[in-house]
Visitor: 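Quick one: the structure is below, questions incoming.
Both ligands and their constituent atoms are indexed starting at 1 by order of listing.
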Amino acid sequence: MKIIMLGAPGAGKGTQAKMIAEKYGIAHVSTGDIFRMNIKEGTALGKEAKTYMDQGLLVPDELTVRILLDRVAREDCANGYVLDGFPRTIPQAQVLDQALAEMDDAIDYAINVDVPDENIIGRMTGRRACVTCGATYHIVHIPPKQEGICDACGKELVLRDDDREETVSKRLSVYHEQTQLLIDFYTAKGILRTIDGTEKMQDVFTNIVTILGE
Ligand code: AMP
């Protein structure tokens with residue numbers, strides 16, 4: 001099974017993608033996580049990606065597509081995958097489509113997690129991420145057991161640079177200008193399913209499972 005998660009930054013698609021990956025035994029592939037890992041490790045790719053990410057801009061298609069195609073060619077993706085944060089532009093979607101078509105394959109579902117803009121800002125600026133393991137929390141909705149400390153590894157939680165309010169506003173306008181077009185792209189293919197992302201995390205997941213099947 002191959003799934004794409006669509007939705008504004010902060011719509012909760014990362015959380016849902018992880019739950020989907022676990023339930024269906026498929027890989028969770030997040031281009032944002034790949035970039036952040038490279039930034040942490042100080043690679044050339046990380047340095048380049050950071051200049052865009054810190055401004056709320058998209059990393060160029062050419063670089064992003066190369067990284068994604070490399071990632072989905074790995075062994076753990078053989079059984080399928082859920083893409084979280086990719087594609088974000090029509091050219092990215094076209095390259096992915098073409099690469100899959102060459103293997104007689106295709107995406108099964110594009111799940112659009114719908115959340116209005118006014119809910120997004122509060123969600124994202126309240127987000128906290130672990131500097132060490134990358135686990136994410138929310139100061140109101142998913143608080144860690146101890147304030148500022150990661151439940152999973154005990155290290156410090158921070159507000160990511162790209163979750164700051166000014167960056168979030170920029171990311172939202174980039175989403176509306178570039179990524180929202182993908183809703184029409186996947187609607188035309190007949191594989192788009194839209195779910196209400198303002199519901200509780202577990203209810204959103206139940207609705208996704210109804211679409212994907214038990
Ligand atoms: P995310 O964690 O998915 O919200 O991604 C964080 C940031 O990484 C985005 O704001 C972009 O700067 C960059 N990024 C992640 N995925 C992509 C993509 N598919 N295309 C371009 N930039 C991306």
Side-chain angles (χ1 to χ4, degrees), residues 2-18 20-21 27-41 43-72 81-100 107 110-113 115 117 119-121 123-131 133-138 142 157-183 185-186 197:
K2 296 186 176 65
I3 301 163
I4 284 171
M5 302 301 289
L6 294 178
K13 55 186 190 307
T15 307
Q16 297 297 330
K18 279 186 203 130
I20 293 170
H28 170 216
V29 174
S30 155
T31 38
D33 282 353
I34 297 174
F35 290 138
R36 281 185 288 277
M37 197 190 304
N38 276 275
I39 291 172
K40 204 172 128 198
E41 288 170 0
T43 67
L45 163 66
K47 287 192 181 110
E48 182 169 357
K50 190 172 181 353
T51 60
Y52 299 97
M53 289 168 77
D54 285 352
Q55 297 176 69
L57 299 174
L58 296 184
V59 177
D61 284 343
E62 202 215 6
L63 184 62
T64 309
V65 160
R66 193 152 34 90
I67 280 156
L68 189 275
L69 292 182
D70 265 13
R71 176 67 189 86
V72 297
Y81 45 77
V82 49
L83 300 184
D84 161 16
F86 184 98
R88 264 180 157 97
T89 64
I90 297 282
Q92 289 182 11
Q94 286 168 334
V95 172
L96 176 64
D97 246 27
Q98 197 186 332
L100 287 171
I107 295 293
I111 299 194
N112 176 31
V113 184
V115 176
D117 279 11
N119 299 24
I120 297 276
I121 302 260
R123 280 192 184 201
M124 289 183 77
T125 53
R127 207 144 80 160
R128 295 293 179 272
C130 176
V131 281
C133 75
T136 49
Y137 300 85
H138 189 281
I142 322 170
L157 299 179
V158 296
L159 175 65
R160 285 183 350 204
D161 284 341
D162 60 347
D163 286 342
R164 289 180 195 284
E165 189 161 349
E166 58 281 13
T167 319
V168 171
S169 302
K170 180 65 193 165
R171 291 173 74 191
L172 269 178
S173 65
V174 167
Y175 169 75
H176 289 301
E177 279 159 28
Q178 303 191 52
T179 310
Q180 216 172 14
L181 300 171
L182 294 171
I183 291 176
F185 182 90
Y186 290 110

Visitor: Tell me which one of Thr136, Asp162, Asp163 satisfies side-chain hydrogen bond (donor to acceptor under 3.5 Å, both in side chains) with Arg127.
Guide: Asp163
Visitor: Does any part of the side chain of Val115, heavy atoms only, come nearer than 4.5 Å to the side chain of Arg123, both counted from C-beta?
Guide: yes
Visitor: If only atom types and distance count, is the side chain of Glu48 paired as donor or acceptor with the main-chain N or O of Ala44 below 3.5 Å?
Guide: no
Visitor: Using the ring-ring contact (aromatic ring centres under 6.0 Å, His included) criterion, which residues pair with His138? Sequence neighbours excluded.
Guide: His141
Visitor: Is a side-chain donor or acceptor of Gln178 paired with a backbone partner of Val174 at a separation under 3.5 angstrom?
Guide: no
Visitor: Please lay out, stage by stage, how Asp117 and His176 fare under the test side-chain hydrogen bond (donor to acceptor under 3.5 Å, both in side chains).
Guide: CA-CA 10 Å; Asp117 279 11; His176 289 301; 2.9 Å; yes
Visitor: List, ordered by chain and residue number, the protein residues whose closest non-hydrogen atom lies under 4.0 Å from any atom of ligand 1.
Guide: Thr31, Gly32, Phe35, Arg36, Met53, Leu57, Leu58, Val59, Thr64, Gly85, Phe86, Arg88, Gln92, Arg160, Asp162, Arg171
